[in-house]
There are 2 protein chains.
Amino acid sequence: MTRPPLQDPHRTLTLRDVSEASGVSEMTVSRVLRNRGDVSETTRERVLDAARRLGYVPNKIAGALASQRVNLVGVVIPSLSNMVFPEVMTGISETLEDTGLQPVVGVSNYQAEREEQVIYEMLSWRPSGLIVAGLEHSEAAQAMLAQAGIPIVEIMDIDGTPIDSAVGISHRRAGRKMAEAIVAAGYRRIAFLGTHMPTNDHRAQKRLEGFEEALAKAGLAVADREYYSGGSALAKGREMTETLLRRSPDVDFLYYSNDMIGAGGLLWCLEQGLDVPGKIGLAGFNGVELLEGLPRRLATMDACRLETGRTAAEIIAGKRASGVIGGEIVEFEPKLEPGDTIRKA
Amino acid sequence: MTRPPLQDPHRTLTLRDVSEASGVSEMTVSRVLRNRGDVSETTRERVLDAARRLGYVPNKIAGALASQRVNLVGVVIPSLSNMVFPEVMTGISETLEDTGLQPVVGVSNYQAEREEQVIYEMLSWRPSGLIVAGLEHSEAAQAMLAQAGIPIVEIMDIDGTPIDSAVGISHRRAGRKMAEAIVAAGYRRIAFLGTHMPTNDHRAQKRLEGFEEALAKAGLAVADREYYSGGSALAKGREMTETLLRRSPDVDFLYYSNDMIGAGGLLWCLEQGLDVPGKIGLAGFNGVELLEGLPRRLATMDACRLETGRTAAEIIAGKRASGVIGGEIVEFEPKLEPGDTIRKA
DNA sequence: CTGAAAGCGCTAACAG
DNA sequence: CTGTTAGCGCTTTCAG
């Protein structure tokens with residue numbers, strides 16, 4: 001007759017278990033495991049040994065509650081699948097690596113309501129800081145962020161009023177700058193191709209506003225426009241380009257709201273044997289790596305994603321050389337990369 | 001003369017604050033906020049009102065410690081920047097959405113040691129489950145996972161022995177299947193182009209093994225090979241293809257370890273005016289969306305990423321129709337998508 | 001250098 | 001339907 005085990009065989013180990021196994025007080029075990037305070041080499045060894053032998057994994061939940069300290073940094077972005085946010089994440093991870101801080105990602109799918117939930121969820125874990133894409137949030141979200149009592153960094157846009165700190169480029173300015181380059185190169189019948197605007201992509205929206213503003217200054221307006229949503233961006237870029245060019249064959253420039261649809265458009269134009277950039281010019285936005293492998297180099301504008309991620313993380317980690325403590329605004333200058341799809345002026 | 005505030009103006013709110021503001025006991029406030037147990041409509045309103053007014057955000061750390069329940073699911077993947085893991089994430093997020101569980105991502109950069117750290121870190125938050133890419137882990141990592149006492153799902157590979165559950169395709173089989181299709185189509189001098197193998201990408205390795213095995217069965221061997229690492233995959237695909245074809249001009253098939261370099265190779269071949277798939281065939285791996293926009297459709301093999309993510313999440317969430325509780329192994333069948341770059345047999 | 005006591009903010013388990 | 005009492009597993013603080 002076998003007896004049932006006296007203890008749940010799978011309760012997870014606690015400090016106490018390590019303490020008993022090593023014959024050292026819980027407190028000292030805790031000190032060893034966190035490298036805090038002085039502990040004699042002998043006890044240290046004994047403790048580490050016991051911990052390893054048992055396979056002890058500390059419970060950060062209890063630790064965080066007791067110490068009121070959480071080594072997590074929340075990152076809230078609209079999407080993971082479009083190549084631009086992963087690069088921001090890379091910058092963030094890099095800088096956080098040697099700070100003991102850990103990024104935790106939440107995705108909002110470009111929905112304000114979803115973003116609000118994600119922010120709420122993250123704040124409820126009391127992170128050391130929060131990085132949020134964009135400056136537009138629901139009222140409730142803004143209130144939560146402002147109340148949170150931790151560093152908040154809004155990234156990838158600085159056209160607006162940040163809650164605390166902000167890092168990124170001015171998309172209005174990026175749009176303006178691109179328009180000026182296009183006009184300077186002598187193009188006059190300029191079309192815009194982008195995502196369906198209801199998508200809540202405020203940055204694309206601002207880019208277009210800046211773009212139109214600069215065109216207006218040159219006495220021009222967007223000659224035609226075409227929107228898409230969903231599907232393979234490269235394929236969509238082709239389709240949109242064909243549709244638009246059939247409708248407005250006299251257009252001499254195509255401004256795409258992102259590089260992926262721009263690349264699709266470029267491939268299509270080249271296949272049609274169109275004279276790029278002679279008869280027709282093209283430009284995208286973002287400076288994605290992909291462009292390097294295309295038959296011709298699409299003009300684009302770098303959004304400084306890596307630097308943005310790095311800087312945001314530095315602000316949270318308190319590593320800014322500036323010594324500024326909060327409410328810092330860092331603007332990067334979007335660089336025009338003319339490539340081979342804009343005529344030389 | 002103004003008096004200083006009696007309390008830290010920025011300590012974060014607690015249940016007690018809501019309790020006092022609403023005149024309801026902490027316990028009942030807690031119940032309202034979690035929708036647990038019966039509470040009269042009147043008190044409920046009163047509590048919610050106070051909570052909203054104060055801007056109270058519950059402290060999940062304390063909640064988790066008290067309830068021994070954490071609504072987090074750890075996801076450990078090698079990289080975010082290559083298009084394939086984001087899609088797995090999409091599958092995971094989708095299914096987790098209505099379960100109250102939240103994914104937390106950790107990135108290992110294809111380094112076993114880094115992976116071990118990330119797993120340790122995640123386990124220390126006592127998540128409800130863990131999803132880890134691949135079956136190969138450091139010994140320490142394996143031990144931790146086995147000990148964790150939570151559902152562990154290893155994804156994207158089933159060639160090996162899982163710790164608990166596993167979901168994905170057999171890469172060996174995928175490689176074999178592709179080789180068989182290539183041989184059946186009449187190609188004989190077959191080259192392989194892939195990432196530098198030290199990169200620790202076990203799945204690519206297994207694909208190649210299966211590939212060579214099937215070739216051997218047909219009395220063939222890989223005729224030449226070329227490796228790359230880093231940089232724009234599309235651009236690298238071009239370069240590698242050029243290098244390899246200059247060295248071995250008589251090769252009649254190019255098997256790429258991923259679609260991105262395959263796409264680069266395809267673009268290069270088309271530019272050179274090579275007869276694809278007549279004189280030379282090409283194939284990649286992964287079935288990425290990008291391929292849809294290319295001038296010709298690259299042959300590839302779908303890795304069932306979305307389904308894999310979904311299924312892994314279902315297992316963690318306990319939503320499997322099968323009713324199986326743990327140690328479940330789900331194998332998907334990698335589908336060959338012949339596209340336009342393999343001769344019809 | 002080491003240990004004992006007192007919580008961190010919440011929820012489980014009871015009692016009304 | 002509502003309240004009370006004990007902790008959850010750690011770290012802070014203070015004594016040795």
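Note on naming: letters A, B, ... go to the chains in the order of the sequence lines (proteins, then strands), and numbering restarts at 1 for each one. What you are looking at is a predicted structure, and each value in this text was computed from that prediction instead of being measured.
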Roughly how far, to the nearest 0.5 Å, is [atom2] of [Y] from [atom1] of [X]?
X: A:I163; Y: A:H137; atom1: CD1; atom2: NE2; answer: 5.0 Å
X: B:E314; Y: B:T311; atom1: CD; atom2: OG1; answer: 5.0 Å
X: B:M144; Y: B:I152; atom1: CE; atom2: CD1; answer: 10.0 Å
X: A:T308; Y: A:I131; atom1: OG1; atom2: CD1; answer: 10.5 Å
X: B:F332; Y: B:M156; atom1: CZ; atom2: CE; answer: 11.0 Å
X: B:L15; Y: B:N59; atom1: CG; atom2: CG; answer: 9.5 Å

What is the first contacted nucleotide of DNA chain D and what is the last, in 5' to 3' order, if contact means an atom lying under 4.0 angstrom from a heavy atom of chain B?
D:dC1 to D:dG9

Any pair with a residue in residues 116-125 of chain A that passes side chain to side chain donor-acceptor pair (under 3.5 Å), sequence neighbours left out, goes on the list, sorted by first then second residue, please.
A:R114-A:Q117, A:E116-A:S138, A:E121-B:K60, A:E121-B:N71

For A:S93 and A:T90, does a side-chain donor sit closer than 3.5 Å to a side-chain acceptor?
no

Pairing donors with acceptors under 3.5 angstrom, does anything connect the side chains of A:S40 and A:R44?
no

Closer than 3.5 angstrom, by distance alone: can the side chain of [X] be matched with the main-chain N or O of [Y] as a donor-acceptor pair?
X: B:S165; Y: B:G327; answer: yes
X: A:S30; Y: A:E26; answer: no
X: A:N109; Y: A:Q111; answer: no

Pairwise 5' ranking along DNA chain D for B:Q68 and B:T43, keeping only the more 5' one:
B:T43

Axis bend over the full length of the helix from C:dC1-D:dG16 to C:dG16-D:dC1, computed from five pairs that close each end, to 10 degrees
30°

Reading nucleotides 10-16 of chain C 5' to 3', which nucleotides get B (base under 4.0 Å from a protein heavy atom), which S (sugar-phosphate only), which -?
BBBB---

Within residues 45-52 of chain B, which residues have any heavy atom lying less than 4.0 Å from an atom of DNA chain C?
none

Mind calculating the distance between CG (A:D38) and P (C:dC1) to the nearest angstrom?
5 Å

Spacing between B:E20 atom CD and C:dG9 atom P, to the nearest angstrom
13 Å

Please list all pairs passing the salt bridge (charged side-chain N to carboxylate O under 4.0 Å, His left out) test where one or both residues lie in residues 125-147 of chain B, with sequence neighbours left out.
B:E136-B:K206

